[in-house]
Amino acid sequence: MKNKKLGINSRMIHSGEFENAIGSATVPIYQTSTFIFDNAEHGARCFSGEEAGYIYTRIANPTIHALETLVADLESGVKGIATSSGMAAVNTVYMALLSKGDHMVSSAAVYGPSRVVMEQHWSRFGVESSFVDTSNIEEIKNAIRPNTKVLYIETPANPTMDITDLKACVEVAHAKGIIVVVDNTFCSPYLQRPIELGVDVVLHSMTKFLNGHADIVAGMIVTKELDMGAKLRSMMVTMGCNMDPHQAYMVIRGIKTLGIRIERAQESAMKIARFLEDHPKVDWVRYPGLESHPQHGLAKTQMDGFGSMISFGLKGGFEAGKVLMNNIEVCILAVSLGGVETLIQHPASMTHSKVSAEAKAKAGITDGLVRFSVGIEDAEDLINDLAQALDKV
Ligand SMILES: *Cc1c(COP(=O)(O)O)cnc(C)c1O
């Protein structure tokens with residue numbers, strides 16, 4: 001309770017519920033699959049829900065509970081549901097909220113697999129979907145059908161960095177009883193808290209910023225309402241895409257430095273974005289902190305900072321992208337994002353290679369587009385690295 005009054009940096013360190021039996025300074029790893037009942041009556045009370053005791057780790061576990069309450073608090077939500085991965089969080093949301101004959105409207109430029117799984121697999125069970133430019137509210141309005149149940153948004157979008165106005169989306173969707181879901185992976189609650197803007201469900205790939213050290217794959221769902229939390233938890237438990245206690249411990253540890261990691265990375269990102277903007281081989285740069293970003297004004301009001309994700313286009317297209325990838329020395333050539341190490345990747349040949357050419361074009365993913373996740377190294381080293389690699393393009 002007292003934590004509610006603390007600032008977000010303090011809550012990253014002190015929030016999260018756990019029963020501290022012996023005065024441990026950190027949350028212990030309860031590496032157990034099952035929990036002992038005091039007696040038959042106690043077991044019966046736990047199963048009936050009359051008493052909130054631990055039963056089995058797929059259902060709940062104290063280490064995982066500490067992480068769930070921590071992230072729910074940071075997101076200004078009421079319930080957290082930890083999952084084995086970000087995609088487990090995405091699929092739990094799809095499975096719980098969409099039935100045969102239902103329709104979802106989503107940002108076109110979402111994380112590749114979030115779109116592919118909907119179009120190739122959920123469609124097999126009769127779920128319909130439309131992928132539109134959600135940064136244009138008119139496109140959302142036009143895509144809504146009588147059977148639309150979910151509006152699914154990523155902002156800033158991946159990898160175009162387009163920004164969607166969450167308050168406007170909530171207004172349009174709620175007027176029609178549509179649930180609004182936001183994948184908040186790119187921002188983390190340090191930079192953006194969609195629930196405070198009226199969004200119903202937030203999800204994360206905690207593999208990225210929240211854990212931040214590129215050593216764990218993990219996901220989280222946070223809800224604005226208790227009922228929605230119960231519905232999503234029950235789906236996660238029955239699908240069995242729960243987190244492991246050791247994974248939870250690692251993410252709790254990672255979150256402690258989320259604020260200082262993001263502050264450092266976004267300071268460097270601003271410098272790098274400006275360097276790229278002035279570079280002759282670079283066609284365009286998309287970073288919410290640049291005045292040239294089409295939604296710079298919206299980014300300023302919706303986000304508490306501009307983050308550390310940059311997209312830029314090379315004049316030389318697909319080939320130039322490959323040359324840049326092959327000559328980088330300090331940055332790491334790898335997919336993923338949000339870690340302490342700077343990562344660079346080329347969506348056309350990597351993450352979005354399975355997305356159709358037409359869908360790529362509609363989502364603004366060009367052949368020369370490079371995605372850059374700025375880490376916490378010295379900004380000067382990152383700029384020098386990009387400069388020498390761009391010389392070879
Ligand atoms: C990585 C990512 C996911 C998927 O998360 P995993 O942890 O890899 O399963 C979903 N959404 C976004 C925006 C991501 O970056």
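First listed ligand is number 1; within each ligand, the first listed atom is number 1.
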query = Does the pair Phe312 and His279 meet the rule for a ring pair (Phe, Tyr, Trp, His ring centres under 6.0 Å), with working shown?
reply = CA-CA 11 Å; Phe312 59 97; His279 200 283; 9.2 Å; no
Shortest protein contact, [atom] (heavy atom only):
| atom | result |
| --- | --- |
| atom 4 (C) of ligand 1 | Tyr111 CE2, 3.3 Å |
| atom 6 (P) of ligand 1 | Gly86 N, 3.3 Å |
| atom 7 (O) of ligand 1 | Thr207 OG1, 2.6 Å |

Under 3.5 Å between some N or O of ligand 1 and some N or O of [X]?
| X | result |
| --- | --- |
| Lys208 | yes |
| Ser205 | yes |
| Met87 | yes |

As an exercise, identify every atom of ligand 1 less than 4.0 angstrom from a heavy atom of [X].
| X | result |
| --- | --- |
| Ser85 | 7 (O), 9 (O) |
| Asp183 | 10 (C), 11 (N), 12 (C), 13 (C) |
| Leu337 | 15 (O) |
| Glu154 | 13 (C) |

ask   = Do Arg261 and Phe209 meet the cation-pi criteria used here (NZ or CZ under 6.0 Å from the six-membered ring centre, within 45° of the axis)?
value = no
query = Hey, does Ser114 have a side-chain heavy atom less than 4.5 Å from the side chain of Tyr152?
reply = yes
ask   = Do the ring centers of His346 and Phe318 come within less than 6.0 Å of each other?
value = yes
request  = Go through the steps to decide whether Lys271 and Glu267 satisfy the test side-chain contact (heavy atoms from CB on, under 4.5 Å), and finish with yes or no.
outcome  = CA-CA 7 Å; Lys271 291 181 190 159; Glu267 193 186 315; 3.9 Å; yes
request  = Kindly indicate, with the supporting measurements, whether the criterion side-chain contact (heavy atoms from CB on, under 4.5 Å) is fulfilled by Val181 and Val199.
outcome  = CA-CA 6 Å; Val181 178; Val199 165; over 6 Å; no
Thr63 side chain to Pro28 backbone, donor-acceptor under 3.5 Å = yes
message = Checking Thr342 against Phe372 for the side-chain contact (heavy atoms from CB on, under 4.5 Å) test, could you report, in this order, the C-alpha distance in whole Å, the side-chain angles of both residues, the deciding distance, and whether it holds?
response = CA-CA 7 Å; Thr342 297; Phe372 203 61; 3.6 Å; yes
ask   = Between Met206 and ligand 1, which residue portion shows a heavy-atom distance shorter than 4.0 Å: side chain, backbone, both, or neither?
value = neither
